[in-house]
Amino acid sequence: MTSLEVLTVGRVGVDLYPEQSGVPLARVSTFAKSLGGTATNVAVAAARLGRRAGVLTKVGPDGFGAYVREALEGFGVSSAHVGTSPDLLTPVVFCELNPPADPPLLFYRLPIAPDLTLNEDDVPWALVRDVPLLWVTGTGVSAEPARETQRMMLASRGRRSHTVLDLDYRPMFWPDVGTARTEIGWMLDHVTVAVGNRAEVEVAVGTSDPDEAASRLLDRGISLALVKKGAEGVLVATPDGRWTVEPNPVEVVCGLGAGDAFGGSVVHGLLSGWDPVRIARHANAAGAIVASRLACADAMPNQEEIEELL
């Protein structure tokens with residue numbers, strides 16, 4: 001693969017989706033397998049839009065690890081920076097489509113997930129410094145050694161454009177909210193773009209009010225804040241102004257992956273040099289399309305599908 005345009009860092013796993021919707025896990029009889037994990041899905045979503053994407057992550061020395069590499073390459077995403085943790089298993093995630101709009105997740109990531117064991121020897125340092133867009137996540141600093149590794153990566157990059165933080169808060173990965181706020185807060189001072197929903201900005205900056213959260217993000221030196229407001233659309237905030245982009249109404253099949261499609265589209269928009277409102281409109285449409293489908297990586301839309309919805 002020629003030089004990458006975007007490198008995402010963080011979570012990977014194998015998602016198992018029930019083929020029966022609206023029933024508890026105990027009554028599901030069959031599951032479908034899909035590539036998953038937010039950083040991984042964002043790379044896939046960006047690749048679907050024509051971007052040269054790669055993921056920096058780790059898997060276990062097992063059949064699911066082999067599946068992750070094969071699936072990434074099948075989606076056109078470089079697996080060159082997918083390492084292996086010899087003593088750990090590739091994470092598996094069960095999704096319960098009950099309710100479909102906000103499916104509960106059951107993570108098998110114990111004692112620790114391989115992607116949280118990233119260390120400085122795993123990092124392609126020149127790529128981290130020079131890649132046009134680096135995408136990091138809140139989950140990526142939820143445990144050591146990945147926490148210190150991601151900090152070193154951001155320090156070496158020097159807050160150059162585009163350095164994007166997906167706030168990506170999942171409470172089961174953290175001991176408490178205070179720890180998450182401290183660690184995610186440190187990252188806010190080292191990135192140029194922040195993306196998150198109301199719950200995630202509350203963890204990051206202490207308020208779920210979108211306007212106040214955007215102000216606090218901009219006060220940290222962020223040049224673009226995207227606060228997802230669900231059915232109320234997306235708040236777009238820069239030092240020059242604020243806009244709300246209306247949602248795209250769809251019938252929700254599975255809410256999982258919509259945020260990652262949004263993220264991949266943000267990557268595409270930033271690399272294309274689009275204005276912030278256009279970026280958010282495009283990303284909103286991408287997320288809506290995935291919400292109307294089952295599975296994450298396999299559901300990521302291409303440019304034609306997004307333009308058709310818009």
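A side-chain donor-acceptor contact under 3.5 Å links E144 to the backbone of E148. With hydrogens and angles ignored, the 3.5 Å screen pairs no side-chain donor or acceptor of R52 with any backbone N or O of L4. No donor-acceptor pair under 3.5 Å is formed between the side chain of E183 and the backbone N or O of G138. Within the 3.5 Å criterion, the main-chain N or O of I184 finds no donor-acceptor partner in the side chain of Y169. Judged by distance alone, with hydrogens and angles left aside, the side-chain atoms of T179 form no donor-acceptor pair with the main-chain N or O of P175 at under 3.5 Å. Using a distance-only test at 3.5 Å, with no hydrogens or angles considered, a donor-acceptor pair links the side chain of E73 to the main chain of S79. Side chain of T84 to backbone of P86: no donor-acceptor contact under 3.5 angstrom is found. T8 places a side-chain N or O within 3.5 Å of a backbone atom of A39 that can act as its donor or acceptor partner. Here the side chain of R181 pairs no donor or acceptor atom with the backbone of A204 at under 3.5 angstrom. Remark: the backbone N or O of W186 is paired with a side-chain donor or acceptor of H190 at under 3.5 angstrom.
Looking at every heavy atom in both residues, H81 comes nearest to L7 through CD2-CD1, 4.4 Å. Considering all non-hydrogen atoms of both residues, L217 and V201 come closest at CD1-CG1, 4.4 Å. Nearest heavy atoms, N284 versus G233: ND2-CA, 4.4 Å. Nearest heavy-atom pair, N119 versus V123, reported as atom, atom and distance to 0.1 Å: O-CG2, 3.6 Å. Across all their heavy atoms, V77 and A43 have their closest contact at CG2-O, 3.7 Å. The heavy-atom pair separating L309 from A288 by the smallest distance is CD2-CB, 4.1 Å.
Listed by chain and number, the residues in a salt bridge (Lys or Arg N to Asp or Glu O under 4.0 Å) with D211 are R242 (sequence neighbours excluded). Scored by the side-chain hydrogen bond (donor to acceptor under 3.5 Å, both in side chains) test, H282 finds S265, Q303 as partners (sequence neighbours excluded).
Side-chain contact between L218 and P239 is present, with heavy atoms from C-beta onward closer than 4.5 Å. Residues D87 and P61 fail the side-chain proximity criterion, which asks for heavy atoms closer than 4.5 Å. Two residues are said to be in side-chain contact when any heavy atoms from C-beta on lie closer than 4.5 Å; L188 and I222 meet this criterion.
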Working for salt bridge (Lys or Arg N to Asp or Glu O under 4.0 Å), residues D15 and K33: CA-CA 6 Å; D15 290 351; K33 178 168 104 270; over 6 Å; no

Verdict with supporting geometry, R170 and T137, side chain to side chain donor-acceptor pair (under 3.5 Å): CA-CA 11 Å; R170 292 197 178 273; T137 69; over 6 Å; no

Stepwise side chain to side chain donor-acceptor pair (under 3.5 Å) check, D62 with T90: CA-CA 7 Å; D62 48 57; T90 304; 2.8 Å; yes

F31 vs F94, ring pair (Phe, Tyr, Trp, His ring centres under 6.0 Å): CA-CA, chis, key distance, verdict: CA-CA 9 Å; F31 294 87; F94 286 91; 5.2 Å; yes

Verdict with reasoning, E305 to R293, per salt bridge (Lys or Arg N to Asp or Glu O under 4.0 Å): CA-CA 13 Å; E305 291 169 321; R293 298 172 173 176; 2.8 Å; yes

Side chain to side chain contact (heavy atoms under 4.5 Å, CB included) assessment of V131 paired with E5: CA-CA 6 Å; V131 70; E5 296 174 286; 5.8 Å; no

Criterion side chain to side chain contact (heavy atoms under 4.5 Å, CB included) on H268 and W274, from CA distance to verdict: CA-CA 9 Å; H268 179 57; W274 292 350; 3.7 Å; yes

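Among V236, T192, V195, the single residue meeting the side-chain contact (heavy atoms from CB on, under 4.5 Å) criterion with L224 is V236.
Pairs of residues two or more places apart, or lying in two chains, that qualify as side chain to side chain donor-acceptor pair (under 3.5 Å) and include a residue from residues 91-109 are R109-D115. The list of ring-ring contact (aromatic ring centres under 6.0 Å, His included) pairs with a residue in residues 124-155, not counting sequence neighbours, is empty. Residue pairs meeting the side chain to side chain donor-acceptor pair (under 3.5 Å) criterion with at least one partner in residues 193-208, sequence neighbours excluded, are R198-E232. Here salt bridge (Lys or Arg N to Asp or Glu O under 4.0 Å) pairs that include residues 156-168, with residues two or more places apart or in two chains, are R11-D168.
Geometrically, K228 engages F262 in a cation-pi contact, judged by NZ or CZ lying under 6.0 Å from the ring centre and within 45° of the ring axis.
For the residue pair E120/T149, the side-chain donor-acceptor check at 3.5 Å is not satisfied. Neither side chain, S156 nor R151, offers a donor N or O lying under 3.5 Å from an acceptor on the other. Residues S85 and T117 have side chains that bring a donor and an acceptor to within less than 3.5 angstrom of each other.
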